[in-house]
Amino acid sequence: MGDGDKETRLKPTCVLALIDYNFHKVACGHGLTIGLATSENIFTMGSIVYGQLGNPFADGKIPCLVEDKLSGECVEEIACGAYHIATLTSRNEVYTWGKEVNGRLGHGDIEDRKTPTLVEGSKDRHVKYIACGSNYSATICFHKWVSGTEESQCLACRQALGFARKRHNCYNCGLSFLQFMESTKSSFDP
């Protein structure tokens, strides 16, 4: 709860350590809370088990400032899963940290992250929104036009694809892409 003790609270209580900040976004996970202040500072509090507070020096009892790679970045969105956090910067970069299981952080490995780490797969994408569930992360991206020569290969790893539908998954690198049909209406083909 960020108030330095382990007392149970049955009604909303002011976190005195954050009284000087104005917050415009808050997200909660299993035993953790993240807040985005109007000053673009990110504060976390709660469990430190998997590094989900984003600060290796945090004790979890009082709010800690998430700095490291997000220092100087303009963070626009925050999202929180059970044991992981995702942020979206104004430069369309996604940073994640916390517990890594089944690819929920998007880094292509199985290592927990104790500090914000850039999701390399989001670098060339125009990410508009982020979301986290208890055990997953998701982004909504604007897609650019795909040329006819690129249709038959994965845009990430450039391996040949053998698909017959407009939606496909690259089984080599695990990325998913949509091919849009040119028309006056925007439509998706399931």
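Under a hydrophobic-cluster definition in which Ile, Leu, Val, Met, Phe, Trp and Tyr are linked whenever side-chain heavy atoms come within less than 4.5 Å, directly or via other members, Leu53 and Leu65 are assigned to different clusters. Linking Ile, Leu, Val, Met, Phe, Trp and Tyr whenever their side-chain heavy atoms come within less than 4.5 Å puts Val75 and Leu118 in one cluster.
A side chain to side chain donor-acceptor pair (under 3.5 Å) check over residues 27-38, counting only residues at least two apart or in different chains, returns the pairs His30-Tyr83.
Taking SG of Cys28 as the start and CE of Met45 as the end, the distance is 8.5 Å to the nearest 0.5 Å. Note: Glu120 CD to Glu93 CD = 9.0 Å, rounded to the nearest 0.5 Å. From Asn55, atom CG reaches atom CD of Glu67 across 7.0 Å, with rounding to the nearest 0.5 Å. We find the CD1-CG distance between Ile62 and Leu16 to be 11.5 Å, quoted to the nearest 0.5 Å.
With hydrogens and angles left out, the side-chain atoms of Ser137 and His84 include a donor and acceptor closer than 3.5 Å.
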- Item | Candidate pair Ile42 and Ile34, rule side-chain contact (heavy atoms from CB on, under 4.5 Å), full reasoning | CA-CA 7 Å; Ile42 298 173; Ile34 181 172; 3.5 Å; yes
- Between Thr96 and Arg113, is a side-chain contact (heavy atoms from CB on, under 4.5 Å) present by the stated rule, with each step listed? CA-CA 8 Å; Thr96 60; Arg113 300 293 199 288; 5.8 Å; no
- Any chance you could lay out the side-chain contact (heavy atoms from CB on, under 4.5 Å) test for Leu36 and His24, step after step, and finish with the verdict? CA-CA 6 Å; Leu36 179 58; His24 63 103; 3.8 Å; yes
- Task: Report the C-alpha distance between Phe23 and Val15 in whole Å, list the side-chain angles of each, state the deciding distance to 0.1 Å, and finish with yes or no for side-chain contact (heavy atoms from CB on, under 4.5 Å).
- Result: CA-CA 12 Å; Phe23 288 85; Val15 178; over 6 Å; no
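Inter-residue side-chain proximity for Lys99 and Asp112 is flagged as met; some heavy-atom pair is nearer than 4.5 Å. Side-chain contact between Thr44 and Cys64 is present, with heavy atoms from C-beta onward closer than 4.5 Å. Under the 4.5 Å side-chain criterion, counting only non-hydrogen atoms from C-beta, Leu70 is in contact with Trp97.
Looking at residues two or more places apart in sequence or on another chain, you find no salt bridge (charged side-chain N to carboxylate O under 4.0 Å, His left out) involving Glu76. Under the salt bridge (charged side-chain N to carboxylate O under 4.0 Å, His left out) criterion, Arg104 pairs with no residue at all, not counting sequence neighbours. Among residues two or more places apart in sequence or in another chain, the salt bridge (charged side-chain N to carboxylate O under 4.0 Å, His left out) test is passed with Lys128 by none.
For Thr89 (side chain) and Arg91 (main-chain N/O), a donor-acceptor pair under 3.5 Å exists by modelled atom type.
Tyr129 belongs to a hydrophobic cluster with Ile140, counting contacts under 4.5 Å between side-chain heavy atoms of Ile, Leu, Val, Met, Phe, Trp and Tyr, direct or through other members. Within the hydrophobic cluster formed by Ile, Leu, Val, Met, Phe, Trp and Tyr side chains joined at under 4.5 Å, directly or through other members, Val119 is accompanied by Leu88, Val94, Val127, Ile130.
Counting all heavy atoms, side chain and backbone alike, Thr115 lies closest to Thr117 at O-OG1, 3.1 Å. Closest approach of Pro116 and Val66 over heavy atoms only: CG-CG1, 3.5 Å. What you find for Gly98 and Leu105 is that their closest heavy atoms are O-CD1, 3.6 Å. When all heavy atoms of Ala27 and Ile78 are compared, the closest pair comes out as N-CD1, 4.2 Å. Considering all non-hydrogen atoms of both residues, Ile85 and Gln52 come closest at CD1-O, 3.1 Å. Across every non-hydrogen atom of Gly81 and Cys132, the tightest pair is N-CB, 3.5 Å.
By the neighbour-count criterion of 12 heavy atoms within 6.0 Å, atom CG of Asn102 is sparsely surrounded, having that number or fewer from other residues, nucleotides or ligands.
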